Amino acid sequence: MKEEFLSRLAEIVGADYVSDRPEELYLYSRDPGAQKPRRADGVVMPGTVDEVQQIVRLANREKIAITPMGAGLTLSALTVPLKGGIVLDMKRLDRIIEVNQASRYAVIEAGVTQAALRAYLEKHHPGLQHSTPESPPTATIVGNILIHGHGHLTPRYGVNSQMVNGMEVVLPTGELCRLGSCSVSPKWFSRDPLPDLMGLFLGWLGTTGIVTKLSIQLFPKPAFRDLLLFSSDSVELIPEIIAELSQINLLENCFIITQEKPRWAQHIFYIIVVSGQSKEEFETKKELHNRIFQKYPDKILPVTEEPALTPLRERFLGVPPFAATAADFRKGGGFEYTGAILPIEVIPQAWRSGIEIAHKYDLLYQLGIQLLPNGHSVMLAYSYPFNRAVAEEAGRARGALDETNRLTLELGGIVWKPELPAQKLILEKMDANTRQLMDRIKKTLDPNDIMNPGNWEVT
Ligand SMILES: Cc1cc2nc3c(=O)[nH]c(=O)nc-3n(C[C@H](O)[C@H](O)[C@H](O)COP(=O)(O)OP(=O)(O)OC[C@H]3O[C@@H](n4cnc5c(N)ncnc54)[C@H](O)[C@@H]3O)c2cc1C
């Protein structure tokens with residue numbers, strides 16, 4: 001990268017917040033997942049929205065690629081530049097600007113982390129919460145929403161990107177734009193009834209603009225909360241149970257999991273999170289959910305004993321639950337999961353094939369379903385642990401991920417937060433006119449192709 005470009009960046013953000021030192025570029029050139037490192041040429045950390053705009057205008061003039069980054073924790077290397085250029089690390093934009101108690105939303109800057117909003121709400125608005133993903137606490141709320149992430153309130157209230165009331169965005173040409181009610185009113189309270197422009201940025205993996213502020217919906221925090229745990233060995237039954245759960249539609253969250261190690265975990269476990277504001281509401285919900293599972297005495301049993309009881313309660317009762325049990329922590333070990341967004345009816349085949357793929361690549365399997373809103377679909381996470389110190393093992397993990405992504409598409413599903421090879425598979429399968437529409441939108445918004453180029457690239 002040209003010295004002159006870096007000194008211009010330093011004039012904008014200050015010399016402490018721009019770097020091309022190899023030890024820093026080492027970190028920005030990889031992520032914790034299985035994809036191979038790629039080279040970032042520089043990193044810059046703006047502290048204000050005005051600085052973001054100045055950086056974008058400069059990059060446009062010089063035709064330098066910009067990769068926006070929150071915490072870089074998707075595991076799919078979405079913040080590792082595909083075509084070099086600078087990583088725009090948003091962590092310094094970390095203000096919680098407003099919490100509206102009555103209309104229940106928070107306006108935050110792009111660098112605000114899951115842990116920061118959670119701690120702030122606990123201290124200042126203890127009756128409110130946001131939908132929290134299982135990702136590490138340093139993950140940003142904006143990064144999660146921009147990939148259509150899921151949180152602990154998703155089955156009840158929606159995918160996290162559905163909880164956005166409004167956004168402030170720096171367009172790839174440098175203009176600042178507000179979307180949602182905040183484009184008309186000082187209140188960031190609603191996404192409707194204007195044309196929904198949020199879709200120009202959600203799911204685009206940072207290729208269409210830089211989100212600088214966002215309004216996220218908050219929800220009441222229940223007074224009572226507990227888990228109901230059941231185990232089964234019938235994969236075929238999963239769609240029927242999901243239909244039953246959706247019929248009453250009263251749960252807070254639901255996971256359906258299995259994993260190869262330890263041995264006791266090789267069953268199918270249903271983890272039902274039930275919550276309520278009053279004891280009566282809570283007890284009634286528990287009773288209604290228990291009744292569903294009691295209908296299948298030959299196929300489903302309540303989990304009442306060790307060794308499963310304590311680990312499952314400890315893992316899933318917290319907010320967020322602890323997901324990373326599949327990680328291989330030997331020598332900086334790695335783990336990546338691919339999320340398949342699936343229609344309900346293909347779950348049994350997807351489940352069985354996932355176990356076969358793990359075994360084919362000599363990896364341990366861990367499968368986890370999270371119910372998506374109202375049980376209309378699920379996210380089936382296939383996690384593959386590997387030892388980063390062994391290149392051959394990381395290669396096997398990449399092979400398993402690729403085969404799983406192909407399976408997902410064959411079954412009519414969609415790969416969530418797709419790494420580059422999976423993006424290509426999706427684009428290959430996509431309707432040609434839809435691909436062209438994506439291309440036209442991208443070219444209109446980003447004429448110099450500077451925003452996270454290479455991702456969602458229609459060739
Ligand atoms: C152990 C583990 C468990 C996980 N569990 C979950 C889970 O339960 N639910 C879930 O949804 N995810 C989960 N994830 C995936 C991921 O960590 C989260 O979705 C996370 O919140 C992503 O946030 P981030 O700050 O790391 O985003 P990043 O990786 O930094 O960014 C994500 C994408 O958005 C773009 N981007 C980031 N910030 C901006 C911006 N300001 N403007 C424009 N584009 C931007 C980036 O270029 C990238 O394409 C998990 C990950 C791990 C490691």
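Being a predicted model, the structure only gives us computed values, none of them experimental. Atoms within a ligand are numbered from 1 in the order they appear, just like the ligands themselves.
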Quiz item: Between Y337 and Y384, is the gap from one ring center to the other below 6.0 Å?
Solution: no

Exercise. Return the option from P137, G70, S135 holding the heavy atom at the smallest distance from atom 18 (C) of ligand 1.
Key: S135

Quiz item: Are the side chain of N452 and the backbone of N455 linked by a donor-acceptor contact shorter than 3.5 Å?
Solution: no

Quiz item: Is it true that W204 lies under 4.0 Å from ligand 1, counting heavy atoms only?
Solution: no

Quiz item: If you count the non-hydrogen atoms of other residues, nucleotides and ligands that lie under 6.0 Å from NZ in K91, is the total more than 12?
Solution: yes

Quiz item: Is the shortest N/O to N/O distance between F335 and ligand 1 below 3.5 Å?
Solution: no

Quiz item: Would you call F201 a ligand 1 contact, heavy-atom distance under 4.0 Å?
Solution: no

Practice problem: From atom 39 (C) of ligand 1, work out which of V211, V169, N452, L146 has a heavy atom at the shortest distance. | Solution: L146

Self-check item: Test item: N165 and Q217 side chains (from C-beta on) under 4.5 Å apart, heavy atoms
Solution: yes

Quiz prompt | N144 N/O under 3.5 Å from ligand 1 N/O | solution = yes

Quiz item: Between F316 and F255, is the ring centre distance below 6.0 Å?
Solution: yes

Quiz item: So, is I210 polar-close to ligand 1, with some N/O to N/O distance under 3.5 Å?
Solution: no

Self-check item: Ring-ring centroid check H130 F219, cutoff 6.0 Å
Solution: no

Quiz item: Does ligand 1 have an atom that lies less than 4.0 angstrom from a heavy atom of P321?
Solution: no

Quiz item: Looking only at distance, does T67 have an N or O less than 3.5 Å from an N or O of ligand 1?
Solution: no

Quiz item: P46 and side chain to side chain contact (heavy atoms under 4.5 Å, CB included): which partner among I55, I210, V56?
Solution: I55

Quiz item: Relative to atom 9 (N) of ligand 1, which among H150, Q114, E109 owns the nearest non-hydrogen atom?
Solution: H150

Practice problem: Tell me, please, which residues at least two apart from N160 pass side-chain contact (heavy atoms from CB on, under 4.5 Å). | Solution: S131, P133, N144, I145, T154, M163

Quiz item: When only distance counts, is A110 in polar contact with ligand 1, meaning an N/O pair under 3.5 Å?
Solution: no

Quiz item: Does P68 reach ligand 1 with a nitrogen or oxygen that is under 3.5 Å from one of the ligand's nitrogen or oxygen atoms?
Solution: yes

Self-check item: W416 touching ligand 1 at heavy-atom level, < 4.0 angstrom
Solution: yes

Quiz item: Which of the listed options, T207, T74, L205, holds the heavy atom that is closest to atom 49 (O) of ligand 1?
Solution: L205

Exercise. Just jot down the salt bridge (Lys or Arg N to Asp or Glu O under 4.0 Å) partners of K443, sequence neighbours excluded, or say none.
Key: D439

